Visitor: 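I am attaching a structure below and will ask some questions about it afterwards.
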Amino acid sequence: MSTRTQLRLSSPAFTDGGSIPAEYTCDGEDVSPPLEWEPGPEGTAAWVLICEDPDARAWIHWLVVNLPAAVTGLGRNASGSLPEGAMEGETDFGPAMYRGPCPPSGEHRYVFTVYALSEPLIQGAQVTATQVRADMYGKVLAEGVLTGRYRRAS
């Protein structure tokens, strides 16, 4: 039985289940969208943010680890200029930076999940989502989920 608290995660750029504007995709500026979340529960020491496409075998679009506990959001185009102590991990595109939606066909879902952790993760030079998920085990106090959709113009 999970005791994990659910947090509200939202974006001023799109609603949960709504369309992600093109500026945050490969068809636009390909910059990270603004995100906002509730403060973590007592004991929150750090945050992890993962953006993935479950319609493409959980393709990782963005991975951020060790966001400071006091952070409750990221502004537009935050990738590459994160708060001190935070770092971006490898995506399935390769570079450790945000890469927006770019589905090869049809509409895909893009799931942003923020995790409140009881302690920061110890990370090396190259961080992967698989490694982060394993390292988070037993440390997640709360999580918030925001899903956006995107379909490329024909």
Side-chain angles (χ1 to χ4, degrees), residues 7 9-37 40 44-137 139-140 142-154:
L7 300 172
L9 171 60
S10 63
S11 175
F14 62 96
T15 59
D16 188 37
S19 295
I20 297 173
E23 71 183 279
Y24 305 108
T25 75
C26 68
D27 294 320
E29 295 175 64
D30 208 11
V31 297
S32 56
L35 299 169
E36 301 167 349
W37 56 88
T44 299
W47 297 96
V48 165
L49 172 68
I50 300 175
C51 175
E52 63 188 322
D53 177 353
D55 300 315
R57 296 186 212 137
W59 188 267
I60 301 297
H61 284 261
W62 200 18
L63 174 62
V64 181
V65 298
N66 294 340
L67 283 161
V71 171
T72 56
L74 294 172
R76 179 187 180 280
N77 198 18
S79 180
S81 59
L82 296 169
E84 187 174 340
M87 72 178 287
E88 292 175 282
E90 298 291 318
T91 68
D92 284 320
F93 293 98
M97 61 187 282
Y98 174 84
R99 293 294 303 271
C102 199
S105 64
E107 182 178 77
H108 283 220
R109 294 169 294 152
Y110 298 88
V111 180
F112 293 82
T113 307
V114 64
Y115 300 92
L117 304 182
S118 59
E119 60 187 76
L121 301 181
I122 298 171
Q123 300 299 326
Q126 294 185 335
V127 179
T128 67
T130 301
Q131 174 191 7
V132 167
R133 284 187 170 115
D135 291 352
M136 286 192 318
Y137 184 79
K139 299 173 186 163
V140 178
E143 67 181 61
V145 178
L146 172 66
T147 301
R149 299 178 175 278
Y150 188 70
R151 175 189 301 270
R152 298 185 76 194
S154 300

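Computed from a prediction, not measured in an experiment: that's the story for all the values here. The chain is numbered in sequence order, starting from 1. Note: hydrogens, waters and symmetry copies are ignored here, and every other heavy atom, side chains too, is used.
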Visitor: Hey, what do you get for OG1 (Thr147) to CG (Leu9), rounding to the nearest 0.5 Å?
Guide: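 Going from OG1 on Thr147 over to CG on Leu9, the span is 9.0 Å.
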
Visitor: Quick check for you: to the nearest 0.5 Å, what is the distance between Trp37 atom CH2 and Leu146 atom CG?
Guide: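 Here the interatomic distance stands at 11.0 Å.
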
Visitor: Are side-chain heavy atoms of Val65 and Met87 found at a separation under 4.5 Å?
Guide: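 Counting from C-beta outward, Val65 and Met87 do come under 4.5 Å.
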
Visitor: Name all pairs fulfilling the disulfide bond (SG atoms under 2.5 Å apart) condition that reach into residues 61-99, sequence neighbours left out, sorted by first residue then second.
Guide: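 Pairs touching residues 61-99 that pass the test: none.
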
Visitor: Could you go step by step and tell me if Leu35 and Val114 meet the side-chain contact (heavy atoms from CB on, under 4.5 Å) rule?
Guide: CA-CA 10 Å; Leu35 299 169; Val114 64; over 6 Å; no

Visitor: Could you tell me whether the side chain of Trp62 and the main chain of Ser32 form a donor-acceptor pair under 3.5 Å?
Guide: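 Here the side-chain-to-backbone pair does not exist.
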
Visitor: Please assess Val140 against Leu117 for the test side-chain contact (heavy atoms from CB on, under 4.5 Å), listing each intermediate value before the final yes or no.
Guide: CA-CA 5 Å; Val140 178; Leu117 304 182; 3.8 Å; yes

Visitor: Enter the distance from Thr128:OG1 to Asp135:CG here, rounded to the nearest 0.5 Å.
Guide: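 Thr128 OG1 to Asp135 CG: 8.5 Å, rounded to 0.5 Å.
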
Visitor: Nearest heavy-atom pair of Tyr110 and Pro103: which atoms, and what distance?
Guide: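 For Tyr110 versus Pro103, the nearest heavy atoms are OH-CD, 3.2 Å.
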
Visitor: Can you tell me how far the CG atom of Asp27 sits from the CZ atom of Arg152, to the nearest 0.5 Å?
Guide: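 Spacing of CG (Asp27) from CZ (Arg152) equals 4.0 Å.
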
Visitor: Which atom pairs, one a donor and one an acceptor, fall under 3.5 Å between side chains of residues 72-79 and the rest of the protein, sequence neighbours left out?
Guide:
| from | atom 1 | to | atom 2 | distance (Å) |
| --- | --- | --- | --- | --- |
| Arg76 | NE | Glu23 | OE1 | 3.0 |
| Arg76 | NH2 | Glu23 | OE1 | 3.2 |
| Arg76 | NH2 | Glu29 | OE1 | 2.9 |
| Arg76 | NH2 | Glu29 | OE2 | 2.8 |
| Ser79 | OG | Glu88 | OE2 | 2.5 |
| Ser79 | OG | Tyr98 | N | 2.9 |

Visitor: Quick one: salt bridge (Lys or Arg N to Asp or Glu O under 4.0 Å) pairs with a partner in residues 54-69, sequence neighbours left out?
Guide: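 Sorted pair list: Asp55-Arg109.
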
Visitor: Minimum heavy-atom separation for Pro34 and Ala13, please, with both atom names.
Guide: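 Minimum heavy-atom contact is CD-CB, 4.0 Å.
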
Visitor: Does any non-hydrogen side-chain atom of Thr113 lie less than 4.5 Å from one of Leu49?
Guide: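 In short, these two side chains do not touch, never coming nearer than 4.5 Å.
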
Visitor: How long is the span from the CE atom in Met136 to the CG atom in Leu121, to the nearest 0.5 Å?
Guide: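 Reported to 0.5 Å precision, the distance equals 7.5 Å.
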
Visitor: How close do Ala58 and Asp92 get, counting heavy atoms only, and between which atoms?
Guide: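 That closest heavy-atom pairing would be O-OD2, 3.9 Å.
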
Visitor: Report the distance from atom CD of Glu119 to atom OG1 of Thr44, rounding to the nearest 0.5 Å.
Guide: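 Spacing of CD (Glu119) from OG1 (Thr44) equals 12.5 Å.
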
Visitor: Apply side-chain contact (heavy atoms from CB on, under 4.5 Å) to Ser118 and list each qualifying residue two or more places apart in sequence or on a separate chain.
Guide: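 side-chain contact (heavy atoms from CB on, under 4.5 Å) list for Ser118, sorted by chain: Lys139, Leu141.
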
Visitor: Who are the side-chain contact (heavy atoms from CB on, under 4.5 Å) partners of Ala129, not counting sequence neighbours?
Guide: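 Partners of Ala129 by the side-chain contact (heavy atoms from CB on, under 4.5 Å) criterion, ordered by chain and then number, come out as Ile60, Leu63, Arg133.
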
Visitor: Among all residues two or more places apart in sequence or in another chain, which pass the side chain to side chain donor-acceptor pair (under 3.5 Å) test with Thr25?
Guide: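 Here the qualifying residues are Tyr150.
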
Visitor: Compare every heavy atom of Ala45 with every heavy atom of Pro120, then report the nearest pair and how far apart it is.
Guide: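 What the structure gives for the nearest pair is CD-CB, 3.9 Å.
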
Visitor: Provide the full list of salt bridge (Lys or Arg N to Asp or Glu O under 4.0 Å) pairs with a residue in residues 10-21, sequence neighbours left out, each pair given once.
Guide: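 Not a single pair qualifies under salt bridge (Lys or Arg N to Asp or Glu O under 4.0 Å).
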
Visitor: Can you list every disulfide bond (SG atoms under 2.5 Å apart) pair that touches residues 72-117, not counting sequence neighbours?
Guide: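 Non-adjacent pairs meeting disulfide bond (SG atoms under 2.5 Å apart): Cys26-Cys102.
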
Visitor: Restricting to non-hydrogen atoms, name the atom on Ile20 and the atom on Pro101 that form the minimum distance, rounded to 0.1 Å.
Guide: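 Taking Ile20 first and Pro101 second, the nearest heavy atoms are CD1-CG, 4.0 Å.
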
Visitor: Taking only residues two or more places apart in sequence, or in another chain, which ones meet Asp30 in a salt bridge (charged side-chain N to carboxylate O under 4.0 Å, His left out)?
Guide: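 Counting only residues at least two positions away or on another chain, Asp30 forms a salt bridge (charged side-chain N to carboxylate O under 4.0 Å, His left out) with Arg99.
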
Visitor: Holding to side chain to side chain donor-acceptor pair (under 3.5 Å), I want the full list of residues that pass it with Ser10, two or more places apart in sequence or in another chain.
Guide: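 Residues passing side chain to side chain donor-acceptor pair (under 3.5 Å) with Ser10: Arg8.
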
Visitor: What I'd like to find out is whether the side chain of Ser11 reaches to under 4.5 Å of the side chain of Phe112, using heavy atoms alone.
Guide: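 The answer is no; the side chains never approach within 4.5 Å.
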
